[in-house]
Amino acid sequence: IQLRSAQMTNCSAPMAADAVLACMPEGLRDRPALSFKELLRVIPVGRSKAYVLMKEDPSFPKGVPLYDGENSPKFYWTHGAIAWLQGRAAKSGASKGGL
């Protein structure tokens, strides 16, 4: 966790949409899909907050099941996570007099 904090300095503060990619962990930028654990590294929120966002925010990235079945693990499209972050950054910037 400390390593994550060191890599993602000040990424939880409101930022411009262009700055979103700069805060994304280097090894995950070029991956087409992410596991839930990796999604939490891209979107800097905790597991419980991510579950709240899944229920309350219709624009939050949707998980795609790996196979048919009730307990199938899900993966998340990287471009969807980036788009969600950019949308949040733009909304935050606009509400604070930025963009």
Nearest heavy-atom neighbours spanning P44 and L85: CD-CD2, 4.3 Å

Residue pairs involving residues 52-61 (criterion salt bridge (Lys or Arg N to Asp or Glu O under 4.0 Å); sequence neighbours excluded): D57-R88

Closest non-hydrogen atom pair between L40 and V45, with its separation: CD2-O, 3.7 Å

Side chain proximity check, L34 to W77, heavy atoms < 4.5 angstrom: no

Shortest non-hydrogen separation from A81 to I43 and the atoms involved: CB-CD1, 4.2 Å

Side chain to side chain contact (heavy atoms under 4.5 Å, CB included) partners for Y51, two or more places apart: F36, R47, M54

Would you list the atom pairs, donor with acceptor, under 3.5 Å between side chains in residues 60-70 and any protein atom, with sequence neighbours excluded?
from: K62; atom 1: NZ; to: P58; atom 2: O; distance (Å): 2.8
from: K62; atom 1: NZ; to: F60; atom 2: O; distance (Å): 3.4

Partner set under side chain to side chain contact (heavy atoms under 4.5 Å, CB included) for A83, not counting sequence neighbours: none

Residue pair F75 / S35, side-chain heavy-atom distance below 4.5 Å: no

